[in-house]
There are 2 protein chains.
Amino acid sequence: MRPHDIAEVRHLPLFRDMLKVSFEQLVQGAYAQTFPAGMELIRQGDPADFLHVVLEGSVELYANWENRLCTMAVVNPIGTFILAACIKDAPYLMSARTLERSRLLLVPASDLRAVFRRDPEFAVSTITELAGCYRAVVRHAKCLKLRNSRERIAAYLLKQSRNLGGIARFTLSVEKRLIASYLGMTPENLSRAIRTLDEVGVQVKGQQVTIIDMARLQAFVPPDPLIDGPDTGGATAGVSLPQGVAS
Amino acid sequence: MRPHDIAEVRHLPLFRDMLKVSFEQLVQGAYAQTFPAGMELIRQGDPADFLHVVLEGSVELYANWENRLCTMAVVNPIGTFILAACIKDAPYLMSARTLERSRLLLVPASDLRAVFRRDPEFAVSTITELAGCYRAVVRHAKCLKLRNSRERIAAYLLKQSRNLGGIARFTLSVEKRLIASYLGMTPENLSRAIRTLDEVGVQVKGQQVTIIDMARLQAFVPPDPLIDGPDTGGATAGVSLPQGVAS
DNA sequence: CGGCATGTTGATTCATCTCAAAGTCTGTGG
DNA sequence: CCACAGACTTTGAGATGAATCAACATGCCG
């Protein structure tokens with residue numbers, strides 16, 4: 001594991017406040033590995049062995065049931081996933097695969113559980129992280145239940161814009177089919193719905209999104225911090241979907 | 001606060017492992033109160049002041065946006081809610097109201113945060129509780145995205161049955177309109193869909209549910225522990241909807 | 001016995017999915 | 001450098017699912 005990685009991981013909210021010895025213990029048992037694109041990292045139902053930290057690349061969390069499949073989240077650097085499963089020592093609720101060539105840090109779940117029992121600061125960080133993850137999923141569920149597909153798309157685009165500092169022109173960071181699945185609709189439906197969004201001031205050409213009339217778009221889907229998340233002010237560049245998402 | 005209540009709260013997974021002094025500190029700052037049916041306990045967006053523990057009665061957690069409303073969960077004794085908001089000292093993501101006359105214990109959020117910083121055991125319990133809450137919402141989101149309304153209803157009925165020990169005949173513990181909202185559909189749609197479920201071995205008359213053909217129902221919606229939750233074996237009697245649900 | 005909220009049913013509209021086909025993009029190999 | 005395969009995207013037509021609106025039935029409580 002490269003020193004640079006160690007430093008970055010150490011700065012994560014989850015790890016930044018813990019004791020030096022605790023962190024070193026975690027790092028010692030952990031190992032970094034690079035995976036090719038499309039690699040299945042974990043499969044839902046498997047026992048939780050490792051906390052995963054995305055150092056480079058991006059990872060899709062998805063779920064399936066009876067031949068159906070849906071995207072639950074995308075994790076970008078530097079983000080973690082499946083914290084909850086590790087803590088509960090329970091089977092993963094979601095599967096994960098790399099969207100591109102990615103480098104991950106794998107921290108043994110047993111180390112994790114051992115450390116937060118000894119290091120109160122790490123326990124507090126874990127609590128905060130989990131609470132954040134929980135709230136992210138609640139917001140996602142609210143979005144699914146309270147908005148129709150057109151509104152979900154509009155809100156998604158608005159959020160992407162806000163994450164980039166409120167700019168009116170940007171590029172979608174993931175494939176549309178994945179966005180469709182994340183937002184709970186078919187690719188065809190997404191495509192059609194996007195087309196109708198020009199009525200509310202949005203133009204999409206390929207991956208290029210242009211918000212023609214920000215006011216009209218915001219009038220169409222009033223952004224709600226209790227659904228769309230707090231305004232980040234563009235500080236968290238590169239985050240395309242909810243950050244902290246465990247299992 | 002009655003001694004009997006204190007004992008029950010002390011036996012909750014969240015509180016059972018903490019130090020005696022920690023528990024006493026929490027209880028000292030807390031107070032129990034009885035509310036009439038239909039009382040709004042908290043409103044989404046308000047700052048998180050108290051962790052709520054349901055001692056008697058039942059509480060609905062719901063969310064709204066732009067004149068729309070949906071039920072997120074029902075909490076029964078002895079369950080807690082809005083733990084996450086208290087921890088993050090963030091605004092509630094959901095509102096809560098009593099479904100019937102209910103008695104609650106209110107624990108100041110500041111006490112909570114102070115105590116788990118000093119009592120590692122309580123911190124671990126909090127972590128476990130939160131991880132469980134998180135997983136419950138992920139399962140709910142998976143259900144919404146992977147199943148259509150008819151399947152969600154069937155799975156819901158199956159789960160109710162399982163929670164009661166797998167019996168074939170039981171009474172719905174909440175109003176149908178609430179179930180509809182929880183499952184993400186309109187009451188009309190629920191009513192109609194229930195009617196069509198006789199094809200897969202379910203009969204519903206008013207609040208009375210009779211599973212005529214358990215095998216056929218299970219073939220229609222194969223129960224999945226990664227969506228419907230682990231099999232409780234009927235140990236948690238009286239739980240109608242996911243138990244641990246914070247905000 | 002009302003009155004009111006809940007539940008059901010019907011007709012209709014609207015939203016969304018499915019299936020099919022054609023268009024677009026991208027990376028690969030010749 | 002070009003041709004091509006394969007995946008993604010768009011478009012269209014049609015079927016299905018679900019919401020809406022309205023009316024009626026049911027149940028409960030004062």
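So you know, we letter chains A, B, ... as the sequences are listed, proteins then strands, and number each from 1. Just so it is clear, the values below take in all heavy atoms, side chains as well, and ignore hydrogens, waters and symmetry mates. None of these values were measured; they are calculated from a predicted model.
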Legend entry - A:K145 and A:H140 side chains, donor-acceptor separation under 3.5 Å: no
Legend entry - Residues, nucleotides or ligands: over 12 heavy atoms within 6.0 Å of A:R216 CZ: yes
Inset, instruction - Could I get the full list of ring pair (Phe, Tyr, Trp, His ring centres under 6.0 Å) partners for B:F50, not counting sequence neighbours? - result: B:Y31
Legend entry - Whole-Å distance separating the CD atom of B:E100 from the C1' atom of C:dA5: 17 Å
Inset, instruction - Kindly state each residue pair satisfying salt bridge (Lys or Arg N to Asp or Glu O under 4.0 Å) with at least one member in residues 59-82 of chain B, sequence neighbours excluded. - result: A:E151-B:R68, B:E60-B:R97
Legend entry - Donor-acceptor side-chain pairing of B:Q208 and B:T171 below 3.5 angstrom: yes
Inset, instruction - Compare side-chain N and O positions of B:S149 against OP1 and OP2 of D:dA18 and report whether any pair is under 4.0 Å apart. - result: yes
Legend entry - Where protein sits on nucleotides 10-15 of chain D, one letter per nucleotide: B base, S sugar-phosphate only, - none, heavy atoms under 4.0 Å: SBBB--
Legend entry - Nucleic acid footprint by protein, nucleotides 24-30 of chain D - heavy-atom cut-off 4.0 Å, B for base, S for sugar-phosphate alone: -------
Inset, instruction - Quick one: list whatever passes salt bridge (charged side-chain N to carboxylate O under 4.0 Å, His left out) with B:D224, sequence neighbours left out. - result: none
Legend entry - Bending between helix ends of the helix from C:dC1-D:dG30 to C:dG30-D:dC1 [5 pairs per end, 10° resolution]: 30°
Legend entry - Pair B:S58-B:E100, side-chain donor/acceptor within less than 3.5 Å: yes
Inset, instruction - Inspect the contact between A:R147 and A:D228 and indicate whether a charged nitrogen and a carboxylate oxygen are less than 4.0 angstrom apart. - result: yes
Legend entry - Length of the line joining A:I153:CD1 and D:dT9:P, which is rounded to integer Å: 13 Å
Inset, instruction - Say whether B:T210 and B:R169, considering side chains only, have a donor N or O and an acceptor N or O under 3.5 Å apart. - result: yes
Inset, instruction - Assess the side chains of A:T196 and A:R150: does a donor N or O sit below 3.5 Å from an acceptor N or O? - result: yes
